[in-house]
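Given the structure is predicted, the values throughout are model-derived calculations rather than measurements. Heads up: numbering here begins at 1 and tracks the sequence. What's counted below: heavy atoms across the whole structure, side chains too, no hydrogens, waters or symmetry copies.
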Amino acid sequence: IIYYTSLLWLFYLVYELGIWFGLFCDPDCNIRVELLIIYPLLAVVSLVALLRALWTIFRGNARS
């Protein structure tokens, strides 16, 4: 899941760069409704990846 999270963040970076350079939106677009979906999605996926990584770390240390 960590790899998928990294890919989602990479896609988001490319998308934001496209917005910044005016490829996906004109330079005057101030209100971006799509962020109401993108930000919560990135937050949930990032939290799940973080919890999964912590679970793996602590579970691995407990067995040693």
Side-chain angles (χ1 to χ4, degrees):
I1 188 139
I2 295 172
Y3 300 115
Y4 298 123
T5 305
S6 301
L7 284 175
L8 281 176
W9 276 104
L10 181 64
F11 288 144
Y12 177 66
L13 172 69
V14 170
Y15 176 73
E16 280 297 318
L17 287 174
I19 293 290
W20 192 52
F21 286 117
L23 299 175
F24 303 128
C25 184
D26 64 7
D28 294 331
C29 72
N30 293 331
I31 300 173
R32 296 178 43 209
V33 178
E34 75 276 5
L35 294 180
L36 293 174
I37 296 172
I38 294 172
Y39 281 167
L41 176 69
L42 281 173
V44 168
V45 171
S46 296
L47 180 64
V48 169
L50 176 66
L51 292 175
R52 175 70 186 232
L54 290 174
W55 174 260
T56 302
I57 289 169
F58 288 125
R59 185 184 61 172
N61 287 342
R63 290 182 180 175
S64 299

Output side-chain donor-acceptor pairs under 3.5 Å for residues 33-43, partner residues at least two apart or in another chain, one line each.
| residue | atom | partner | partner atom | Å |
| --- | --- | --- | --- | --- |
| Glu34 | OE2 | Tyr15 | OH | 2.6 |
| Glu34 | OE2 | Arg32 | NE | 2.9 |
| Glu34 | OE2 | Arg32 | NH2 | 3.4 |
| Tyr39 | OH | Tyr12 | OH | 3.1 |

Shared-cluster residues of Leu51, by chain and number - hydrophobic side chains joined below 4.5 Å: Leu47
Flag if over 12 foreign heavy atoms under 6.0 Å of CZ, Phe24: yes
Applying side chain to side chain donor-acceptor pair (under 3.5 Å) to Ser46 and not counting sequence neighbours gives Trp9
